[in-house]
Amino acid sequence: MENKKASLRSRLAEHEGFLSVLASLICIVIGLALGLVVLAIINAEHALVDGLWVIISSGLKSPRNMGTVLANAAPLIMTGLSVGFAFKTGLFNIGAAGQYTLGAFGALYCAIVLQWPWYLCLLASMVFGAVWGAIPGIFKAYLNINEVISAIMFNWIGLYMVNDIMYGGGQGAMYDMASTKTYSLRKVAKQAMIPSCGMSDVFGKLQSVTIAIFIAIFFAIVIYILINKTTFGYELKACGFNKHAAQYAGINDKRNIILSMTIAGALAGMGAGLFYLSTVAEWNPQVSTALPAMGFNGISVALLACSNPIGTIFSSLFVSYITVGGTKLSTQYYTKEIADVITAIIIYLCAFSLLFRNKIRGLLAGKGGVNLGKGGNG
Amino acid sequence: MFLLLKYTLLYTVVLMMVALGGMFSERSGIINIALEGIMVIGGLAGVIAIKLMPAGANMLVIVLGSVAVAALAGMIYAALLAFASINLNADQTIGGTALNMLATALAMVIAKGFNGSASAKLDYSNRAFIYDFGELTVSAFLFIGIVILIVSYIMLYKTRIGLRLRSCGEHPQAAASVGIDVYKMRYLGVLISGALGGIGGMAYIVPSVSSWNFEVGVSGAGFLALAVMIFGQWKPFKIFLAAMFFALFKSLANIASSTALASLGWTQNMYNMIPFIASMVILAFTSKKSRAPKAEGVPYDKGSR
């Protein structure tokens, strides 16, 4: 009996997936606890019932809230996949926000100006995102410029460019003077709206709940298979682990870097497609001071999921869930950004989830802790 | 013309200070992508410090006091990055990104809490920071910036500490072998970058306007400063020149519509884009002989060779 228990423990200690999930859950619990501290500092009296409880329960309170969670989770899954996929191939795609911006442009241009059907608009958003992802890839492959730096630059270049074209001095073809945003697809381009297939009726008549969530989950599975079950995915991963070893094994590392970034860009661009073609919101081309948060939140969900595509589905649902919870906080006591603070704390903790993982492994294996492996990518 | 000069000086000082901060951190071996967030926190702390100063306070007290608070806040925030990346060997880029996200959210929560309303906009008086010389208006940060530039140069190249700090960014194991405490040096680098980033954030917000909405953070100025640092090849005076170049275009974006340049028909967005495009071009041409510190971004592992 004793023996069986011990072997189960040691087996769990060796199971990477189990350790990752546990480490992420620890990050979440500590993050929520620290969030409670922040709530208590602002307003101690209401911290628990009107604060934390609202954040972690509101998402399920009504069908409408659940719908909002799903509508925001779909694009988040895509940007999360984008960042996570790049991570798996040894690249840090901080450019998801820029690729998302270009994707939004592609989708809205094809929808409003060209009046294309929704699936073609979605494809356009992928292509635009892919191009914007490929550029830092090319810079990395041929000029050895760190992809983080070039992606940051192209984030801003993309934002200024897209805003300039969309706004067009107030005369842009997609710009609606009345709302100071792009035209609402519900009014001018019904054919470009992603079909709801009855989803919106289930979720309290919320029009923005569409089959987007299923498209996102489908792509998560595709990426999972691509990374784990194909030769192509193996080559990409090999480049990420050790570029020189991959080269030695006859893998074309330049091609693979560019392809990884292109695929990552396509995924992020499509995230924008899912968001804007589901008419969750319209693009505001007059905001040139901040990149879309969806791109950076993609980094959060990818980290929380340890870059696992299937895990990304759940981490996106979670982040979307507590963000919606944040908006339901009573403004009398708190502001909705508390949810962002909690998410950011969780991500900060994720940065050293390796440490948690090794600690858990040590505890399970019956030792107080094991030596850390070499951190980072060396 | 005076307007252009005024804005250029303003942005030059901001970008230079923050880029110098990034330089100290990277020269010690830690990539500081959190500069954007540090600027937000520093700016917020500085603004709140101004608001909390007693009404009749001396101008000099206001300036030095609030700048000190901004620097301190930046250092405390940067310590989070230092802790994660130096003590826990966490990935520096990820830690920095998390801190950037945290900074904007935290700043809004604090600003709204301070206001006691649903708006993250803080009003303050910036009179103590602005001086008029005839038609030209300069801010107190110009003088602070010049001092910081000179001190940075001397510290990095003419003192023992500077040499030790630089060695930790090139080959930490070699540095350790001659008795240098790598952890201490890297902490020093990150904390200096926190202080300069904090002051820089305040310099970005305070002199130009008398109210700031923290919803926008510092709108990418921290990332621009990173570009300035790379453009300046991690060297103080080159960083100064790079900062001037970037600042010129950023100012042109601000004043283009009201001057003769309007006839060119360029929009504000185009001017804003140019520094980023220019730095990509420069990066493309200089990448083969980049002067980036060799050990930056690599967690220090005592046993590795």
Side-chain angles (χ1 to χ4, degrees), chain A residues 38 41-43 92 94 135 139 143-146 148-150 152-157 159-165 167-169 287-291 293 296-297 299-300 303 331 334-335 337-355 372 374-378, chain B residues 31 33 80 84-85 87-113 118 120 215-220 223-224 226-227 230 267-273 275-277 279-280 283-285 287-288 290 292 297-299 301 303-304:
Chain A
V38 175
I41 292 172
I42 297 172
N43 192 334
F92 183 26
I94 203 172
I135 297 173
F139 272 100
L143 295 165
N144 201 23
I145 297 173
N146 190 320
V148 177
I149 298 295
S150 45
I152 288 175
M153 307 278 182
F154 277 98
N155 275 348
W156 292 97
I157 296 174
L159 180 71
Y160 292 132
M161 195 175 79
V162 164
N163 279 347
D164 208 47
I165 298 172
Y167 181 58
V287 179
S288 282
T289 47
L291 287 152
F296 291 110
N297 290 343
I299 300 174
S300 313
L303 288 172
T331 48
Y334 301 111
T335 62
E337 285 79 20
I338 303 264
D340 297 339
V341 172
I342 293 176
T343 322
I345 292 174
I346 293 173
I347 301 316
Y348 177 71
L349 294 170
C350 278
F352 34 89
S353 66
L354 186 73
L355 188 84
L372 275 175
K374 197 173 175 224
N377 46 14
Chain B
I31 291 182
I33 217 168
L80 287 173
S85 53
N87 297 86
L88 299 177
N89 283 349
D91 188 305
Q92 298 165 9
T93 340
I94 294 173
T97 308
L99 288 179
N100 281 340
M101 294 193 285
L102 182 62
T104 323
L106 203 60
M108 279 167 77
V109 170
I110 294 174
K112 286 182 180 178
E215 249 173 68
V216 301
V218 291
S219 56
F223 291 124
L224 205 59
L226 272 182
I230 296 167
T267 60
Q268 197 174 351
N269 283 326
M270 290 181 191
Y271 286 104
N272 276 328
M273 230 188 290
F276 289 104
I277 295 175
S279 46
M280 276 324 292
L283 273 180
F285 281 114
S287 64
K288 290 281 189 271
S290 170
V298 186
D301 174 11
S304 121

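Here the structure is a predicted model, which means the values were calculated and not measured. All chains are named by letter (A, B, ...) in the order of the sequence lines, taking the proteins before the strands, and each is independently numbered beginning at 1.
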### Which residues share a side chain to side chain contact (heavy atoms under 4.5 Å, CB included) with A:I345, sequence neighbours left out
A:L34, A:V341, A:L349, B:L102

### Query
Which bit of A:L143 is near chain B, if near means a heavy-atom gap under 4.5 Å: side chain, backbone, both or neither?
both

### Task
Identify which part of B:I277 has an atom lying under 4.5 Å from any heavy atom of chain A, answering side chain, backbone, both or neither.
both

### Query
Checking A:I145 against chain B: side chain, backbone, both or neither under 4.5 Å from a heavy atom?
side chain

## Note on the structure
So, the part of A:I94 with a heavy atom under 4.5 Å from chain B: the answer is side chain

### Query
Side chain, backbone, both or neither: which part of B:T93 has a non-hydrogen atom closer than 4.5 Å to chain A?
both

### Which atoms of A:F92 approach chain B - backbone, side chain, both or neither, heavy atom under 4.5 Å
side chain

### Message
I need the residue from B:A227, B:A98, B:A120, B:G217 with the largest number of non-hydrogen atom pairs under 4.5 Å to chain A.
### Response
B:A98

#### Entry: For chain A, the option from B:I110, B:I31, B:L80 that forms the most heavy-atom pairs under 4.5 Å
B:L80

### Task
Sort B:L224 into side chain, backbone, both or neither according to what part of it lies under 4.5 angstrom from a heavy atom of chain A.
neither

### Summary
The complete set of side chain to side chain donor-acceptor pair (under 3.5 Å) pairs with one or both residues in residues 337-351 of chain A, sequence neighbours excluded, reads A:T335-A:E337, A:E337-B:K112

#### Entry: Nearest heavy-atom neighbours spanning A:M153 and B:F276
SD-CD2, 3.7 Å

### Under 4.5 Å from a heavy atom of chain B, the part of A:Y334 involved
neither

### Message
Quick check on B:I33 against chain A: is it the side chain, the backbone, both or neither that has a heavy atom closer than 4.5 Å?
### Response
side chain

